[in-house]
Every structure is written in structure tokens, then in C-alpha cells.
J.: 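Once you've had a glance at the structure underneath, I'll fire off some questions.
Within every chain, numbering begins at 1; the chains are lettered A, B, ... in the order of the sequence lines, protein sequences first and strands thereafter.
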Amino acid sequence: MNEKYPFSEIEPRWQACWNEHSAFKTDLSDIAQKYYCLMMFPYPSGKLHVGHGRNYIIGDAVVRYKKMHGFNVLSPMGWDAFGLPAENAAIKTGTPPRESTLKNIAVMKEQLAAWGCCYDWDKEVTSCEPEYYKWTQWLFIQLFNRGLAYKKKSNVNWCPSCATVLANEQVVEGLCDRCDSVVVQKALEQWFFKITDYAQRLLDDIDKLEGWPERVKTMQRNWIGRSEGTEVDFALVPRDDGALDKSDKVSCFTTRVDTICGCTYMVLAPEYAHLKEMVAGLPQEKEVLQFIADSAKLTNLDRESDVLEKKGVFTGRYAINPFTGEPVPLWVGDYVLMYGTGAVMAVPAHDTRDWAFAKKYNLPIKLSIQNPERSLVLTEMDSAYTGDGMCSDSGIFTGLPNRDAIDAMTKHADTHGFGKGTINFRLRDWLISRQRYWGAPIPIVYCDRCGMVPVNDEDLPVLLPTDVEFKPTGESPLKGSNAFMNCSCPKCGDPARRESDTMDTFVDSSWYFLRYLNARDGSQAIDTAACNNWLPVDQYIGGIEHAILHLLYARFFTKVIHDLGLISFDEPFNRLFTQGMICKKSDFDGKLYKMSKSKGNVVSPNELIENYGADTVRLYTLFIGPPEKEAEWNDSAVEGSFRFLARIWRRVWQHRDLLLASKTLVPDLGKMEKPERDLYRKLNESVQKITHDLDGAFHFHTAISTIMELMNAIDETKLDENSSDQAKAVFRDAIEKVIVLISPFAPHIAEELWKELGHTGGILSAKWPETVEAALHRDKIQMALQVNGKVRGQITVPSAATKEEIEKLAVTDEAVIKWTEGKTIKKIIVVPGRLVNVAAG
RNA sequence: GCCCGGGUGGCGAAAUGGCAGACGCAAGGGACUUAAAAUCCCUUGACCGAAAGGUCGUGCGGGUUCGAGUCCCGCCCCGGGCACCA
């Protein structure tokens with residue numbers, strides 16, 4: 001052993017040792033004390049930076065911590081390997097996606113190892129490999145057979161730059177979440193998963209997710225967006241020319257049916273189903289058609305912008321308000337979305353948007369709610385009244401409190417057959433087809449005789465062809481491969497053509513956590529028994545950016561697979577931890593951003609590991625702040641973590657002979673003098689606090705600061721050969737525990753020092769220390785003395801002192817006498833173990 | 001607009017209603033050294049004071065309490081999610 005902390009020598013050695021001894025291989029049959037710790041599998045983009053590292057370092061710390069508690073921990077890793085970047089690289093450089101992806105995987109695997117992050121690589125999954133995507137395709141077919149995968153033509157989000165469609169979830173503020181291009185609407189035939197069938201269950205079961213952060217649950221609730229309201233049918237006033245309509249009514253959805261008697265017009269979405277037929281041959285037809293065409297040109301961004309003025313045109317048609325019997329004009333407006341029924345009733349007096357629209361187009365306004373002060377007068381209003389009140393001018397409902405009227409009027413509509421209570425969700429079906437190469441081919445065949453036919457199980461996987469061009473044309477590159485496209489119908493054997501679209505990569509990641517349990521199993525997608533034994537996942541760790549997309553899709557898939565009878569549980573993740581992003585000031589504009597190449601603020605771990613070692617990078621990453629919060633990377637603060645590890649190393653080195661010689665000594669409270677008793681107390685207080693910090697909220701940063709405090713206390717202890725046996729015993733115990741306590745964070749140095757202290761068997765087999773309760777006891781305690789809430793002194797009292805004794809000591813204290821002079825003592829509050837407050841006045 | 005988080009030294013931060021700023025970074029001073037690095041020791045919220053000590057201090061304004069960073073009410077600011085969703 002040497003004075004200098006030899007991180008570069010010990011780290012590769014221990015990494016090799018963990019590898020050789022299969023320290024992280026998990027026997028799936030041992031489930032007595034199982035713990036499934038899952039980290040979100042990465043996209044193999046090339047190189048990991050320290051921002052990515054936070055995820056794996058936190059995960060590895062949890063895995064090691066749980067192992068030391070005796071759990072049989074499963075910690076697998078894999079690769080979310082399909083996706084656009086590899087394909088874009090292929091377009092640029094000509095390197096086939098699979099080749100570049102596998103190369104990246106190899107690099108990243110080495111990086112994880114260099115961090116000391118260990119996984120059971122026997123269970124590795126790679127979503128772009130046929131042994132994996134065969135089963136993604138198989139699952140697609142299961143959804144197809146259940147009617148949960150369907151194809152339809154609809155307006156979809158189209159990214160012109162990626163030349164592919166996007167799911168709603170992948171459009172952020174009207175922009176493509178990959179390349180920031182403005183997303184446009186295009187009418188295309190696309191594949192969808194019917195996630196809306198599961199909307200209510202996905203919403204209800206959020207309540208079951210006790211181990212999830214509240215904010216993630218809120219985001220999911222918002223995204224699902226349930227709203228309760230009433231659907232009301234307005235009968236269409238027949239056309240003057242006697243031509244018949246396809247539908248004789250217009251239904252609208254409203255959450256404020258209580259205001260319906262103030263409805264003075266209706267507005268239809270430009271995409272409303274029968275709109276074109278409704279206006280055919282009318283004088284307004286031309287204008288309406290022009291309006292529809294203009295609206296279609298609007299990008300999502302335009303349409304969602306606040307500043308955009310609401311526009312509309314009159315259709316020439318009328319419908320009857322069933323509550324008043326009055327006809328109201330039908331308009332078409334660009335602010336009405338195909339949500340609910342695609343038609344809204346407009347109540348300008350009580351809705352801000354309708355007010356603005358009515359004022360602009362000079363439409364009538366009618367009050368149907370009177371405020372509690374009964375002071376609403378239309379001619380004096382300059383905005384809509386959206387508050388509560390009494391129904392007014394509302395026929396038999398006049399005088400009813402409006403909140404009660406919602407129920408009453410919904411019931412009335414139901415009884416009379418022109419409406420009903422309805423629930424609407426904001427959630428749309430999940431668009432999963434992509435016109436791109438690097439994804440799992442959708443296993444469907446088009447046969448002239450049989451139509452759409454799923455590929456037979458025995459013919460899976462439908463392999464991605466390799467003889468294709470990667471140019472983005474808006475059509476799938478798979479179409480260019482005749483060998484791929486031409487096939488025979490699985491049903492009748494006639495010549496047929498394959499579906500050329502591939503699946504969204506989020507499909508691959510929606511079930512990978514199940515596949516780890518039988519990654520090499522060629523006979524089935526899911527091993528029911530293994531899954532039921534090991535799932536739900538005990539702890540899932542990943543980035544907050546997946547709060548909606550991945551986590552919602554994974555929940556959906558779990559429910560579908562549950563309904564297929566393949567697993568017994570219907571929520572995948574018991575506890576979820578979302579770590580905050582690591583940010584750094586950009587080299588370009590000095591602003592704080594999430595680490596990314598494009599912002600020029602990436603810190604590469606390789607150099608840091610070379611200069612300070614992996615343990616330092618790990619310790620700093622965990623010490624940087626509360627792990628759920630964003631953190632700013634500070635290069636100079638890394639030094640502090642290095643100094644601390646070097647200090648532990650040095651301390652063991654300095655006392656190595658003494659530490660080895662005292663190996664057989666055992667701390668005995670009864671024989672301790674004060675200094676070692678104090679250190680022994682500090683040690684046990686630390687064990688208690690650290691365990692608490694890690695068990696609860698993963699507060700690694702406070703756990704580490706507690707180890708630092710303990711180390712400070714150890715350093716204050718003077719020790720040499722002449723010290724008592726108890727002093728030596730406690731010193732050794734404290735040093736040993738520091739090593740054990742820090743081992744989940746800095747495993748290499750812990751292993752090495754553990755060995756230096758004469759232990760055989762790795763530190764993972766060391767048990768996590770337990771608090772010796774008796775050691776926490778104090779004979780005397782210091783208490784703060786307050787007068788009127790201000791600290792004026794300190795007293796030391798026997799820990800067994802009664803309240804009365806403490807009070808007596810307090811009032812005779814010099815400082816208290818001084819500060820209460822001329823006042824009468826009204827009250828004395830004793831907070832056991834903390835302080836005494838004398839209230840005087 | 002609605003729904004979540006936050007706002008504490010020069011910085012990252014800590015604090016079951018109970019001594020605000022633990023722990024670390026940075027900075028300053030000192031020891032060791034020919035020197036540097038490393039290490040060790042000291043100082044470091046603001047203001048007043050020679051010192052002892054005192055006053056103020058957790059975004060702002062009120063309140064509850066013996067006692068508020070923490071609880072309640074009303075604002076301001078920052079971050080995130082949703083949003084012409086009827």
C-alpha cells in the first residue's frame with residue numbers, strides 16, 4: 001500500500017474482478033428477496049456524457065445498496081436501438097444503421113464499465129436485433145387481432161425534415177421534438193394503437209402508483225385530459241331547396257350545459273364530417289370551401305398560437321337549440337378542433353372566446369346566468385361573465401343555481417332524447433407507423449383477395465431488408481426492396497405485398513422490461529412465470545423527459561399484455577425515480593442548458609476518469625445536489641470529491657499497521673472512555689442518518705455529507721500505538737464503516753481498502769451496518785436557552801433531567817436573568833433535547 | 001388561463017414548527033517547502049463595535065404561535081406540464 005491514492009490502477013482491476021466473479025449475474029429462480037432495479041435503457045447515440053451518467057450512477061448505487069441488504073437484485077441493461085439518428089447517419093455517411101448502432105453499443109458498454117456500473121449482461125436486449133423485434137412484431141399482431149391496432153386515413157402530424165409522421169406526443173409546441181422543424185398536417189393512411197380504449201384505466205390506475213413522483217402523475221392526468229360534460233343534439237333546419245342532409249342534426253359537446261339557453265350560434269370545426277355536403281349548392285358554399293382550404297394550410301403552430309385571431313364564416317345553415325326551440329346560425333371557425341364532436345355551442349355572454357367571436361362578427365349575445373349580485377346587464381358588460389350564479393332566462397331552469405342546473409339539464413336532455421352526459425378525453429390514439437427504414441417492420445400483408453392479413457407466427461420475424469436506399473422521400477425506404485415487398489398471402493397463398501411502414505421506436509421500449517426475463521428465449525415473447533415473479537419493477541430510474549411518452553405507453557402495453565393473459569399485473573413500475581437533468585453553461589452563449597453536443601456544453605467522462613478516477617466522478621455526481629432536481633455541472637467542485645476519497649485512502653494508509661493489529665478488537669460501550677464513546681456515537685448516528693437518507697428519497701447528497709462529517713470526527717481523534725484497546729477498536733470500526741457506507745457510491749476504493757483491512761470476500765458481501773441503539777445515548781445534553789425566542793445562552797443538563805429541573809436551571813442562568821430583568825416570566829417551554837424558551841414580558 | 005414544482009451566503013446546498021447556513025466549492029490568511037504541488041491549521045451571511053457583545057437576515061406584505069425557511073391568507077418572480085379542449 002502506498003500513500004498516494006492509486007485510482008487508475010485499482011479501478012480497472014476491480015471492474016475485471018466483478019466481471020470474472022459474475023458479481024451482478026442474477027439467478028432468476030431465487031425470488032425469496034427479489035429486487036428488480038431498472039434503469040431506462042439508452043439510445044446508442046455514440047458516447048455517453050456525464051449528464052447521462054447520473055442515471056446509471058444513481059442506479060448502480062441503489063443496486064449495490066440493496067445487494068448489501070441481502071436482496072437478490074436484478075439489474076439488466078439493453079439498447080433502445082432503432083430510431084432516426086442511425087438512419088440519418090446512414091444517409092450522410094453511407095454506413096448501414098445496424099453497423100453504426102452496434103459500434104456505438106460497444107463503445108457505450110465500455111463507458112458503463114469504466115464508470116463501475118455493473119449489469120447482468122446475460123440478459124441484454126437490443127431492440128434492433130431480430131431476436132428482439134420478432135416479438136415486437138408478434139405483439140403488434142396480438143394488438144391487431146384484438147382490434148387494438150388499426151389503419152385509417154386521417155390528418156396526421158408530418159415533419160417535412162424527417163419526412164415522416166409523428167405521434168401527438170412527439171410534437172412539442174408545434175415543432176418536431178427531434179429536429180425542431182415546423183410540423184404540418186397531412187391526410188395519410190396510418191397505423192394507430194387504440195390507447196383511447198384504455199384512457200379511463202390509465203387514468204384510474206394512476207392512483208395506484210404510490211411510489212411515483214406527484215408531478216409525473218399530474219402530467220399523465222393532464223395528458224389523458226378527462227373532461228365530463230353533456231352532448232346535446234341540435235336539429236338541423238332543413239334546406240330550403242328540399243335536398244336531404246346526411247345527418248339531420250349537429251351534436252355538440254359542452255361542459256357548461258347550464259349556459260345553453262344563452263347559446264346564440266354554433267361553430268363547426270373546418271374538418272367537421274358533413275360540412276361540405278351541408279353547404280353544397282348554397283350561396284355560402286364557395287366561401288366555406290375556401291375557408292376550409294385556408295385552415296388546412298395553417299400549421300399546428302399557427303393554430304395553437306394565442307395571438308391568432310379567431311376567424312370564421314357563416315355556413316348559411318341553422319340548427320334548433322333544443323332547450324329554447326330557437327334556431328341558431330351555424331358557423332365554421334378555425335379555432336374549433338376535432339375534439340368532442342367537432343362542433344361547439346357558442347354562449348358569448350358566458351365564454352371569453354365566444355364573446356370575442358360574437359363581437360367580431362356582430363352575433364347576438366344573450367345572458368343565461370345571473371351573478372349573485374344580480375348586477376349583470378348586457379349593455380354594460382365588456383367581457384363574458386364566466387363565474388357561477390343563477391340560471392336566468394332559461395325556461396323551467398330559471399332560478400336554479402347553475403352548478404345544479406348542469407345535472408338537471410343533462411337529465412332533461414336525456415329524458416327527451418336530445419342529449420346525454422358524456423366523458424371526453426384529450427388523449428388521442430397512438431400513431432405508430434413511420435415511413436422510415438430503421439424500425440421494426442409492421443408485420444402485415446396486403447392481399448387482393450383477403451385484404452389486410454397478419455404474418456403467421458412461424459414466419460416471424462419479418463426481417464428488415466438490407467438492399468435499400470436511405471434517401472428520405474416521404475415514402476418508406478422499404479418500398480425500394482422488391483425482395484422485401486413481394487410475398488405471398490399468409491391466408492390464401494396468392495401473391496401479395498408487404499406493409500412498408502415500420503413501427504415507432506416507442507413501441508420497442510414499451511415492453512423491454514419484460515423481455516429482460518427471457519432475453520434469449522426464441523420460443524416466446526414473454527415468460528409468464530418469470531415476469532410474475534419479478535415484476536412489477538421495484539424501482540425504475542430515468543429521466544423526467546419520459547414522464548408522458550414512454551411511461552404512458554409502457555403502462556398501456558402492460559395493461560394490454562395483462563389482458564392477453566400473459567402477465568398477472570397491470571402496472572409495470574411500482575416505484576419511479578426521475579432524476580433531474582445535468583446542465584452546464586454553453587460555450588457559445590453562456591446560458592445554462594441540458595448537456596448536448598449542439599450546445600457545446602458536454603463534459604466527457606473519459607477525461608475525468610483519467611484524471612480523477614470513476615469513483616470521484618460517481619461521488620461528485622451523487623453529491624451535486626438533490627438527485628431529482630436539475631443540477632449545474634461544476635468542474636472545480638469535482639476536485640472536492642477527489643480530495644475526500646484521497647483523504648480516506650491516506651487515513652487508512654497512515655494507520656494501516658494499527659488498523660490491522662486491532663482487527664480482533666471489538667467495541668464495548670461499557671469499557672469506553674469519553675473520546676471513543678463520542679466517536680462511537682457519531683458513527684452510529686451517521687449509520688442511522690445515511691440509511692434513512694437512502695431508504696426514503698434517495699438523498700445521496702446528504703448521505704455523502706454525513707460520511708464527510710463522520711470522517712471529520714475520525715480525523716479529530718488522536719490515536720497511536722499507546723492508545724487504549726477501546727480507542728483502537730472504535731477507530732477501526734469507524735474507518736471500516738466509512739468504507740462500507742461509501743461503497744455504493746465509490747465501489748472501487750471501497751473494495752480496495754476493504755481488502756487492505758484484511759477482509760476476504762468482496763465488499764458487496766459485507767452487510768450494511770446496523771445502528772447500535774445503545775451507542776446513541778448521551779449522559780448530558782446541551783440545550784439552547786432562549787428568551788422570547790432569541791438564543792441567549794446554552795446549558796448542559798443531564799439527559800435524565802425532568803422538565804421541572806430544566807426549568808429551574810434555565811431561570812437561574814445568568815443570561816436568562818440578564819434578559820428577563822424587569823420583566824415577568826409568563827411561560828417556560830421545554831423542548832426535550834433541544835432548547836428552553838422563556839417567554840417574558 | 002389552468003395544474004405542478006421552486007425562490008435560503010460569492011456558488012452547489014442543509015434544516016420531523018425548535019440554536020438558519022450542516023457538508024462541499026470558491027476566496028482570503030497562515031504552517032510545511034529552496035520553490036511549486038499535495039497536505040495541515042485558521043477566517044469567511046450583512047451591519048455596528050477595539051473587544052465583549054449587539055442588531056438585522058431564508059422573494060414581498062400580513063397572520064397563527066412561546067417560537068416560522070417550514071403552517072395559513074394575499075402578492076411578486078423563476079422553472080416545468082397542459083392549453084382556442086368548448
Side-chain angles (χ1 to χ4, degrees), chain A residues 3-4 172-173 213-227 229-230 252-257 259 266-267 269 303-306 308-310 333-347 350-354 356-357 386 424-426 544-545 547-548 580 592 619-620 623-626 628-641 643-644 646-647 650 692 699 701-712 715 782-794 825-841:
Chain A
E3 180 173 11
K4 203 160 173 277
V172 179
E173 286 172 5
E214 213 46 54
R215 63 174 167 160
V216 174
K217 294 198 272 185
T218 308
M219 283 189 208
Q220 293 218 349
R221 282 192 191 101
N222 286 344
W223 190 261
I224 295 167
R226 181 188 145 110
S227 92
T230 316
C252 67
F253 173 76
T254 178
T255 54
R256 289 294 306 273
V257 69
T259 65
M266 287 181 97
V267 190
R303 219 168 152 179
E304 284 171 10
S305 147
D306 304 343
L308 192 75
E309 203 169 351
K310 296 162 192 27
D334 57 5
Y335 72 96
V336 177
L337 308 176
M338 281 308 292
Y339 165 83
T341 63
V344 299
M345 65 174 210
V347 186
H350 305 295
D351 182 279
T352 321
R353 279 167 318 199
D354 296 344
F357 194 84
T386 56
N424 257 303
F425 291 95
R426 212 193 67 96
I544 184 73
E545 64 273 21
I548 299 172
L592 203 61
L619 194 69
Y620 174 65
F623 188 58
I624 196 167
E628 69 280 5
K629 265 184 68 178
E630 266 188 16
E632 186 183 344
W633 187 270
N634 179 348
D635 286 319
S636 70
V638 176
E639 194 97 17
S641 295
R643 278 204 288 262
F644 182 60
R647 195 170 129 214
R650 213 163 36 242
H692 176 264
H699 277 175
H701 63 310
T702 49
I704 291 167
S705 72
T706 306
I707 300 177
M708 288 173 169
E709 278 184 69
L710 174 58
M711 200 60 209
N712 290 346
D715 275 359
Q782 246 209 355
M783 295 177 85
L785 274 181
Q786 294 185 339
V787 176
N788 290 335
K790 292 207 164 145
V791 181
R792 299 299 181 186
Q794 299 280 332
I825 292 172
K826 290 176 178 162
K827 204 172 172 183
I828 301 174
I829 290 102
V830 177
V831 184
R834 289 190 184 270
L835 55 78
V836 186
N837 188 13
V838 180

J.: Which of these nucleotides, B:C85, B:C3, B:A86, is closest to any side-chain atom of A:Asn222?
T.: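 The answer is B:C3.
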J.: Any idea which of B:C19, B:G80, B:C66 is nearest the A:Ile829 side chain?
T.: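 The answer is B:C66.
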J.: Does B:C60 have a Watson-Crick or wobble mate here (both distances under 3.5 Å), and if so which one?
T.: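 B:C60 is paired with B:G74.
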J.: So A:Gly340, base contact, sugar-phosphate only, or nothing? Heavy-atom distance under 4.0 Å.
T.: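 It contacts nothing in the nucleic acid.
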J.: Take atom P in B:G12 and the same atom in B:A26, then report the distance between them in whole Å.
T.: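 To the nearest whole Å, 15 Å.
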J.: Quick check for you: to the nearest 0.5 Å, what is the distance between A:Phe357 atom CZ and A:Tyr335 atom OH?
T.: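 If I round to the nearest 0.5 Å, the distance is 5.0 Å.
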J.: Between B:C66, B:A13, B:C4, which one does the side chain of A:Thr218 approach most closely?
T.: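 The answer is B:C4.
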J.: Specify the separation, in whole Å, of atom CG of A:Asp334 and atom C1' of B:C84.
T.: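 Rounded to the whole Å, the gap is 9 Å.
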J.: Between atom NE2 in A:His699 and atom C1' in B:A13, what is the gap in whole Å?
T.: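 Rounded to whole Å, this separation is 12 Å.
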J.: How would you label the contact of A:Arg221 with the nucleic acid (heavy atoms, under 4.0 Å): base, sugar-phosphate, or nothing?
T.: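 It contacts nothing in the nucleic acid.
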J.: Whole angstroms only, please: what is the OH-C1' distance between A:Tyr339 and B:A86?
T.: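 Rounded to whole Å, this separation is 8 Å.
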J.: Mind checking if A:Asn837 touches a base, just sugar-phosphate, or nothing, with heavy atoms under 4.0 Å?
T.: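 Base contact - A:Asn837 has a heavy atom under 4.0 Å of at least one base atom.
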J.: Of the candidate nucleotides B:A86, B:C19, B:C4, which contains the atom at the shortest distance from the side chain of A:Arg215?
T.: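 Nucleotide nearest to A:Arg215's side chain: B:C4.
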J.: Rounded to whole angstrom, note down the C1' distance from B:C41 over to B:C60.
T.: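 Approximately 43 Å lies between the C1' atom of B:C41 and that of B:C60.
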J.: Nearest to the side chain of A:Thr254, heavy atoms from C-beta on, is which of B:A86, B:C23, B:G81?
T.: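 Given the options B:A86, B:C23, B:G81, the side chain of A:Thr254 is closest to B:A86.
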J.: Report yes if a side-chain nitrogen or oxygen of A:His701 is closer than 4.0 Å to either non-bridging phosphate oxygen (OP1 or OP2) of B:A14; otherwise report no.
T.: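 For B:A14, OP1/OP2 do have a side-chain N/O of A:His701 under 4.0 Å.
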J.: Taking A:Tyr620 for the side chain and A:Asn634 for the main chain, is one N or O donor matched with an acceptor at less than 3.5 Å?
T.: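 Yes; judged by distance alone, with no hydrogens or angles, the pair exists.
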J.: Reckon A:Arg643 has a side-chain N or O less than 4.0 Å from the OP1 or OP2 of B:C25?
T.: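 Yes, within the criterion.
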J.: Checking all strands, does A:Ile624 fall into the base, sugar-phosphate, or nothing category for heavy-atom contacts under 4.0 angstrom?
T.: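 Result for A:Ile624 = sugar-phosphate.
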J.: Determine the interatomic distance between P on B:G59 and the same-named atom on B:A68; round to the nearest Å.
T.: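 It works out to 15 Å between them.
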J.: With RNA chain B as reference, determine whether A:Glu709 or A:Glu214 sits nearer its 5' end, using the nearest nucleotide of each.
T.: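 Comparing both residues, the 5'-ward one is A:Glu214.
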J.: Classify A:Asn712 by what it touches in the nucleic acid, base, sugar-phosphate, or nothing, heavy-atom distance under 4.0 Å.
T.: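 Counting heavy atoms under 4.0 Å across all strands, the contact made by A:Asn712 is with sugar-phosphate only.
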J.: Under 4.0 Å, counting only non-hydrogen atoms across every strand here, what does A:Glu632 touch: a base, just sugar-phosphate, or nothing?
T.: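 Since no nucleic acid heavy atom lies under 4.0 Å of A:Glu632, the category is nothing.
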J.: Heavy atoms only, 4.0 Å cut-off, all strands: where does A:Gln786 land among base, sugar-phosphate and nothing?
T.: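 Base contact - A:Gln786 has a heavy atom under 4.0 Å of at least one base atom.
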J.: Among B:C82, B:C19, B:A22, find the nucleotide with the atom closest to the side chain of A:Arg834.
T.: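 Selected nucleotide: B:C19.
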J.: From CZ of A:Phe425 over to P of B:C85, roughly how many Å is that when rounded to an integer?
T.: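 These atoms are roughly 18 Å apart.
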J.: Between atom NZ in A:Lys826 and atom C1' in B:G67, what is the gap in whole Å?
T.: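 Rounding to the nearest Å, NZ of A:Lys826 and C1' of B:G67 are 15 Å apart.
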J.: Just compare B:A26, B:A86, B:C40 and give me whichever is closest to any side-chain atom of A:Ser636.
T.: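 So the side chain of A:Ser636 is nearest to B:A26.
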J.: Round to a whole Å and report the spacing from CD1 of A:Ile544 to P of B:G6.
T.: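 A:Ile544 atom CD1 is separated from B:G6 atom P by 13 Å.
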J.: In whole angstroms, how far is the C1' atom of B:C84 from the CG atom of A:Asp354?
T.: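 Atom CG in A:Asp354 sits about 10 Å away from atom C1' in B:C84.
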J.: What is the separation between atom CG on A:Asn634 and atom P on B:A27, rounded to the nearest whole Å?
T.: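 Spelled out: CG on A:Asn634 to P on B:A27 is 11 Å.
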J.: Which value, in whole Å, describes the distance between the P atoms of nucleotides B:C56 and B:C75?
T.: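 It works out to 30 Å between them.
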J.: Let me know, please, whether A:Ala646 or A:Gly640 comes out on the 5' side of the other along RNA chain B by nearest nucleotide.
T.: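 Its nearest nucleotide being more 5', the pick is A:Gly640.
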J.: Using the P atom as the reference point in each nucleotide, state the distance between B:A86 and B:G6 in Å, no decimals.
T.: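 So the two P atoms sit 28 Å from each other.
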J.: Decide, for B:G74, between syn and anti: a glycosidic angle within 90° of 0 counts as syn, anything else as anti.
T.: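 Anti.
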J.: Work out how far the P atom of B:C78 is from that of B:G62, and round it to whole angstrom.
T.: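 Going atom to atom, P in each nucleotide, I get 23 Å.
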J.: Taking the side chain as C-beta and beyond, is there a heavy-atom pair between A:Cys252 and A:Met266 under 4.5 Å?
T.: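 When only atoms from C-beta onward are counted, A:Met266 and A:Cys252 do touch, with a gap below 4.5 Å.
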J.: Examine distances only and state if a side-chain atom of A:Gln220 and a backbone atom of A:Ala547 form a donor-acceptor pair shorter than 3.5 Å.
T.: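 Indeed, once roles are kept as given, a pair shorter than 3.5 Å links the two residues.
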J.: Checking all strands, does A:Arg226 fall into the base, sugar-phosphate, or nothing category for heavy-atom contacts under 4.0 angstrom?
T.: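 If one applies the 4.0 Å heavy-atom cut-off, A:Arg226 turns out to touch nothing in the nucleic acid.
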J.: Looking across every strand, which nucleic acid part, if any, lies under 4.0 Å from A:Lys790 by heavy atom: base, sugar-phosphate, or nothing?
T.: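 Touches sugar-phosphate only.
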J.: Please work out if A:Arg426 contacts a base, only the sugar-phosphate, or nothing of the nucleic acid, heavy-atom cut-off 4.0 Å.
T.: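 It contacts base atoms.
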J.: Examine B:A86: is either OP1 or OP2 under 4.0 Å from a nitrogen or oxygen in the side chain of A:Ser227? Give yes or no.
T.: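 Checking B:A86 against A:Ser227, a side-chain N or O does come within under 4.0 Å of OP1 or OP2.
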J.: Which nucleotide sits closest to the side chain of A:Ala637: B:A83, B:C25, B:A13?
T.: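 Of B:A83, B:C25, B:A13, B:C25 is nearest to the side chain of A:Ala637.
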J.: Is the shortest side-chain N/O distance from A:Arg650 to OP1 or OP2 of B:C40 below 4.0 Å?
T.: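 For A:Arg650, the contact criterion (side-chain N or O under 4.0 Å from OP1 or OP2 of B:C40) is met.
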